[in-house]
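Following: one structure in structure tokens, then a few remarks.
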Amino acid sequence: MMEEKLNTEVPVEQNGAPEPVNGDDETSETSSTLEKDEDGGKKVQRKKKKKSKNKKKKEVPEQTDPPSISVSDLFPSGEFPEGEIQQYKDENLWRTTSEEKRELERLEKPLYNSVRRAAEVHRQVRKYIKGILKPGMFMTDICETLENTIRKLISENGLQAGIAFPTGCSLNWVAAHWTPNAGDKTVLQYDDVMKLDFGTHIDGYIVDCAFTVAFNPMFDPLLEASREATNTGIKESGIDVRLCDVGAAIQEVMESYEVEINGKVYQVKSIRNLSGHSIGRYQIHAGKSVPIVKGGEQTKMEEGEFFAIETFASTGKGYVREDLECSHYTKDFEVGHIPLRLPRAKQLLATINKNFSTLAFCRRYLDRLGETKYLMALKNLCDAGIVQPLPPLCDVKGSYVSQFEHTILLRPTCKEVISRGDDY
């Protein structure tokens, strides 16, 4: 141990300038130390030892298993990993080297860092969850384990940092917006196709990212269809790109796949009434839709926008409808003051405003906050137009749906796939 400390010493000449150290010459190293002793330079030596000890203390800790260390502690510099960088195409290539655009990015660095922190939490949480998922688990346990892990890693802090929306764990023909309510005993099966769609946020900057889990390998082509369609959507996205062009490219890739399930071959379809979307601060759906079939809007993507690029591959009709018991809700982003008669509804609205504001929530989250007997009050808020119910979205019973999703940022100089990881 002492040799390691001595090797890090920088010998000092009489004039204070550093002289080269021959690491192979032990004698010269020792004599230089002795010279310092004779010249009364012990204090200088001690100071240097202290510095080397401090460096050791600053080593980045490794994540535990199960994860329990906040990503802020894992990255003490406060700088979080950049997502995957993709260059813009053709007419936007000039942006890469534009000093003006680079300056715009320097000004936005705090915002970028916030959303990258949320993305790093997403990557670590999904890595852990993928490692523990197995048939026979209760869906409620899966969701609560996932959500509690987010709370630890993101250092949950009211509306400043936390879960962006309820964990979607929709099964089979249910495409989206399903999470178990209290008392639900649904168990994950070997032949299930589960979409795990969850979000994280820092200061309202949301990372919306999803993947599909299937234990039976016969579903692999279905998962591959949505994964590749999503990657195509990301590749085609860019500043001034028309949303309809992104949708056409997605559909072409998606419907080039087919899947054989229990001896029957199905043509994979894009679900035509589901889409990706722009993301705003504390607003999961900010107004623009990114279709996954051709013939969509001519509206263009713009510089600085966040988009959730998500695709849904189906063996059914390729069309969803609302069905099953509702679990997801969100306060209307545009709603103003609406007078309420029921005191219980007013009380519930206060809870929603304090804990979620315009971020989506579910019944389990209200249960966790200690709310009881709130269904009538919740219905009252929905009837008044203050809260929007978001029921499960289902294709035909017996079909299977897969989903993959990433959040992208159209930076002034390049496109950043914020939520990209080693897994997908």
Side-chain angles (χ1 to χ4, degrees), residues 63-71 118 121-156 161-201 207-216 219 223 323-329 355-356 359-372 374-375 378 390-394 400-405 419 421 423-424:
Q63 188 54 272
T64 57
D65 184 19
S68 62
I69 302 174
S70 164
V71 295
V121 171
H122 201 288
R123 280 188 288 271
Q124 293 196 20
V125 170
R126 71 190 192 229
K127 179 183 178 182
Y128 170 61
I129 290 298
K130 284 182 175 185
I132 65 169
L133 283 176
K134 59 185 179 183
M137 295 179 75
F138 284 104
M139 302 301 286
T140 300
D141 291 343
I142 293 170
C143 291
E144 290 185 350
T145 300
L146 186 153
E147 290 159 358
N148 286 332
T149 307
I150 292 175
R151 291 181 177 111
K152 288 176 186 174
L153 301 199
I154 209 162
S155 302
E156 187 178 39
I163 297 168
F165 53 84
T167 304
C169 52
S170 308
L171 296 173
N172 306 325
W173 64 89
V174 184
H177 293 177
W178 186 85
T179 200
N181 286 324
D184 192 294
K185 300 297 183 186
T186 306
V187 172
L188 183 63
Q189 305 292 337
Y190 175 76
D191 285 327
D192 282 338
V193 175
M194 175 176 66
K195 283 71 64 184
L196 263 181
D197 187 349
F198 65 97
T200 54
H201 84 93
V207 169
D208 184 1
C209 184
F211 61 97
T212 300
V213 176
F215 304 106
N216 192 329
F219 294 113
L223 273 61
D323 196 9
L324 308 178
E325 184 179 53
C326 188
S327 56
H328 285 50
Y329 300 85
N355 295 279
F356 314 113
L359 295 172
F361 61 94
C362 63
R363 292 191 200 173
R364 284 188 296 104
Y365 294 180
L366 294 176
D367 299 338
R368 186 173 179 271
L369 292 169
E371 290 289 340
T372 57
Y374 54 76
L375 289 179
L378 186 56
L390 303 169
L393 301 170
C394 308
Y400 295 93
V401 177
S402 73
Q403 172 202 17
F404 278 87
E405 177 181 25
S419 52
D423 48 355
Y424 65 90

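What you see is a predicted model, and the numbers here were worked out from it, not measured in a lab. Numbers here simply count residues along the sequence, with the first being 1. Both backbone and side-chain heavy atoms feed into the values below; hydrogens, waters and symmetry mates do not.
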Without swapping roles, check the side chain of [X] against the backbone of [Y] for a donor-acceptor pair under 3.5 Å.
{"X": "Thr179", "Y": "Thr167", "result": "yes"}
{"X": "Asn172", "Y": "Val193", "result": "yes"}
{"X": "Ser170", "Y": "Trp178", "result": "yes"}
{"X": "Gln63", "Y": "Ile69", "result": "yes"}
{"X": "Lys130", "Y": "Val213", "result": "no"}
{"X": "Asp184", "Y": "Thr186", "result": "yes"}
{"X": "Arg363", "Y": "Cys326", "result": "yes"}
{"X": "Asp197", "Y": "Thr212", "result": "no"}

Value rounded to 0.5 Å, distance of [atom1] in [X] from [atom2] in [Y]:
{"X": "Ser419", "Y": "Arg123", "atom1": "OG", "atom2": "CZ", "answer": "7.5 Å"}
{"X": "Phe211", "Y": "Met194", "atom1": "CZ", "atom2": "CE", "answer": "7.0 Å"}
{"X": "Ser327", "Y": "Asn181", "atom1": "OG", "atom2": "CG", "answer": "5.0 Å"}
{"X": "Tyr374", "Y": "Asp367", "atom1": "OH", "atom2": "CG", "answer": "3.5 Å"}
{"X": "Thr372", "Y": "Leu375", "atom1": "OG1", "atom2": "CG", "answer": "10.5 Å"}
{"X": "Thr145", "Y": "Ile132", "atom1": "OG1", "atom2": "CD1", "answer": "5.0 Å"}

Closest heavy-atom pair and its distance - [X], [Y]:
{"X": "Val207", "Y": "Ala118", "value": "CG2-CB, 3.8 Å"}
{"X": "Asn148", "Y": "Arg151", "value": "OD1-NH1, 2.9 Å"}
{"X": "Lys195", "Y": "Val174", "value": "NZ-O, 2.9 Å"}
{"X": "Val401", "Y": "Trp173", "value": "CG2-O, 4.1 Å"}
{"X": "His328", "Y": "Pro166", "value": "NE2-CB, 3.6 Å"}
{"X": "His201", "Y": "Ile163", "value": "CD2-O, 3.6 Å"}

Determine whether [X] and [Y] make a side-chain contact, defined as any pair of heavy atoms from C-beta on separated by less than 4.5 Å.
{"X": "Cys169", "Y": "Ile142", "answer": "no"}
{"X": "Leu171", "Y": "Leu188", "answer": "yes"}
{"X": "Asp323", "Y": "Pro392", "answer": "no"}
{"X": "Lys185", "Y": "Val187", "answer": "no"}
{"X": "Tyr329", "Y": "Leu378", "answer": "yes"}
{"X": "Arg126", "Y": "Ile129", "answer": "no"}
{"X": "Pro135", "Y": "Phe215", "answer": "yes"}
{"X": "Leu196", "Y": "Leu146", "answer": "yes"}

Got a sec, which pairs hit ring pair (Phe, Tyr, Trp, His ring centres under 6.0 Å) with one end in residues 121-152, sequence neighbours left out? His122-Phe198
Is any side-chain N of the basic residue among Arg368 and Glu147 closer than 4.0 Å to the acidic one's carboxylate O? no
For Phe165, enumerate each residue passing the ring pair (Phe, Tyr, Trp, His ring centres under 6.0 Å) test, keeping only those at least two apart in sequence or located in another chain. none
Residues passing the side-chain hydrogen bond (donor to acceptor under 3.5 Å, both in side chains) test with Ser68, sequence neighbours excluded, are Thr64
Parallel, tilted or perpendicular for Phe404 and Tyr424, by the 30°/60° rule? perpendicular
